[in-house]
Amino acid sequence: MPRFETQKSPMAPYHIRQYQDSDRKSVLDLFTRGMEEHIPTTFHHLLTLPRTLLLLLGVLLALVLVSGSWLLAIICIFFLLFLMRLLARQPWKEYVAKCLHTDMADITKSYLNAHGSFWVAESGDQVVGIVGCLPVKDPPLGRKQLELFHLSVSSQHRGQGIAKALVRTVLQFARGQGYRDLVLETSVLQHGAETLYLSMGFRRTGQYFMSVFWRERRFLRLGQ
């Protein structure tokens, strides 16, 4: 197993170590909060879709013409916006629930005992970052590929290089295990993550529709 030295930022010290079962609650809390942070972005994205704007305008005009009341029309628009906010929450809530019942239910079993690994970034006694990786089961053209999962850093500790350090840890593990590629998937709504991966030499290899709201993008880093 590769050794990972303590990595420090100018603002606050932190170190990266392998996951332990005692980290479970902190890791799950950090993972859940990180995913739920995307809800406002999803809601904003939903509001900018042409079909959404047409729907809101159509409902507004229809209600005014039928009822003659602008007040009723505005109340109905606010109700529709409330429903859209709930709709924006749904995919992230479902994703978190799915992970908590699958790979995140037993991280030691899912990652450490499955030829992958899982790390936490720790500042003081607090877990402030997480990342995991697993071998790709059916890699294309027989290439040996490793997939990165669940990169997340606490909002209070961003801008310190922790996310980059976590990705570098996975890259180091990949090289040590002889993987050809490190791959990952991310949503186009995760702008910060996309910027990070591109800055570290990853390249987009394709995209597909995950839902009516956004596309998923697949990234690949070569030369492992």
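This one's a predicted model, so the numbers in the text were calculated from it and none came from an experiment.
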Inset, instruction - Without swapping roles, check the side chain of Arg158 against the backbone of Val153 for a donor-acceptor pair under 3.5 Å. - result: yes
Legend entry - Single-linkage hydrophobic cluster, 4.5 Å side-chain cutoff, Leu100 and Leu30 together: yes
Legend entry - For Leu60 against Ala73, the heavy-atom pair lying closest together: CD1-CB, 3.5 Å
Legend entry - Heavy-atom side-chain proximity of Met104 to Phe31 below 4.5 angstrom: yes
Inset, instruction - Side-chain contact test, heavy atoms from C-beta onward, threshold under 4.5 Å: evaluate it for His15 versus Arg17 and give yes or no. - result: yes
Legend entry - Cluster overlap Leu80 with Ile75, hydrophobic side-chain contacts below 4.5 Å: no
Inset, instruction - Any chance you could measure Ser117, atom OG, to Leu112, atom CG, to the nearest 0.5 Å? - result: 5.5 Å
Legend entry - Polar side-chain atom of Thr32 near backbone of Asp29 as donor-acceptor pair, under 3.5 Å: no
Inset, instruction - Hey, could you give me the SG/CG distance between Cys76 and Leu81, rounded to the nearest 0.5 Å? - result: 11.5 Å
Legend entry - Heavy-atom closest pair, residues Lys164 and Leu196: CG-CD1, 3.3 Å
Inset, instruction - Apply the test side-chain contact (heavy atoms from CB on, under 4.5 Å) to residues Lys93 and Met35: give CA-CA distance (whole Å), side-chain angles for both, the deciding distance (0.1 Å), then the verdict. - result: CA-CA 8 Å; Lys93 291 289 188 180; Met35 292 299 99; over 6 Å; no
Legend entry - Minimal non-hydrogen separation, Ala88 against Pro91, with atom names: O-CD, 3.6 Å
Inset, instruction - May I ask you to test the Gln18-Val120 pair for a side-chain heavy-atom distance under 4.5 Å? - result: no
Inset, instruction - Check the side chains of Thr108 and Asn113 for a donor-acceptor pair under 3.5 angstrom, ignoring hydrogens and angles. - result: no
Legend entry - Closest non-hydrogen atom pair between Leu151 and Ala163, with its separation: CD1-O, 4.1 Å
Inset, instruction - Give a yes or no on whether Tyr95 and Phe149 share a hydrophobic cluster (residues Ile, Leu, Val, Met, Phe, Trp, Tyr; joining criterion: side-chain heavy atoms under 4.5 Å apart). - result: yes
Inset, instruction - Could you tell me the separation between the CD1 atom of Ile39 and the CZ atom of Arg85, rounded to the nearest 0.5 Å? - result: 6.5 Å
Inset, instruction - Drop me the distance from Leu166's CG to Leu148's CG, to the nearest 0.5 angstrom. - result: 9.0 Å
Inset, instruction - Evaluate the side-chain proximity of Leu83 to Leu87: yes if any heavy-atom separation is below 4.5 Å, no if none is. - result: no
Legend entry - Main-chain N/O of Pro13 paired to Ser123 side chain as donor or acceptor, under 3.5 Å: yes
Legend entry - side chain to side chain contact (heavy atoms under 4.5 Å, CB included), paired with Leu146, selected from Val183, Asp181, Leu171, Val170: Val170
Legend entry - Side chain to side chain, Phe118 and Val131, heavy atoms closer than 4.5 Å: no
Inset, instruction - Find the distance between CD (Gln126) and OG (Ser154) and round it off to the nearest 0.5 Å. - result: 6.0 Å
Legend entry - Lys98 atom NZ, neighbour heavy-atom count above 12 within 6.0 Å: no
Inset, instruction - Report the residue from Thr48, Thr42, Leu47 that forms a side chain to side chain contact (heavy atoms under 4.5 Å, CB included) with His44. - result: Thr48
Inset, instruction - Check whether any side-chain heavy atom of Gln172 sits under 4.5 Å from a side-chain heavy atom of Arg168, and report yes or no. - result: no
Inset, instruction - To the nearest 0.5 Å, tell me how far Gln177 CD sits from Cys133 SG. - result: 8.5 Å
Inset, instruction - Group every Ile, Leu, Val, Met, Phe, Trp and Tyr by side-chain heavy-atom contacts under 4.5 Å, then state whether Leu49 and Ile77 land in the same group. - result: yes
Legend entry - Check: Ser187 main-chain N/O paired with Gln190 side-chain donor or acceptor under 3.5 Å: yes
Legend entry - Any donor-acceptor pair under 3.5 Å from Thr186 side chain to Glu194 backbone: no
Inset, instruction - Compare all side-chain heavy atoms of Phe202 with those of Leu182 and state whether any distance is below 4.5 angstrom. - result: yes
Legend entry - Heavy-atom closest pair, residues Ala114 and Pro135: O-CD, 3.7 Å
Inset, instruction - Kindly work out whether a path of hydrophobic side-chain contacts (I/L/V/M/F/W/Y, heavy atoms less than 4.5 Å apart) joins Leu72 to Leu56. - result: no
Inset, instruction - Return the orientation label for the His150 and Tyr111 ring planes: parallel under 30°, perpendicular over 60°, tilted otherwise. - result: perpendicular
Inset, instruction - State whether the number of non-hydrogen atoms from other residues, nucleotides or ligands found under 6.0 Å of Arg89 atom CZ is greater than 12. - result: no
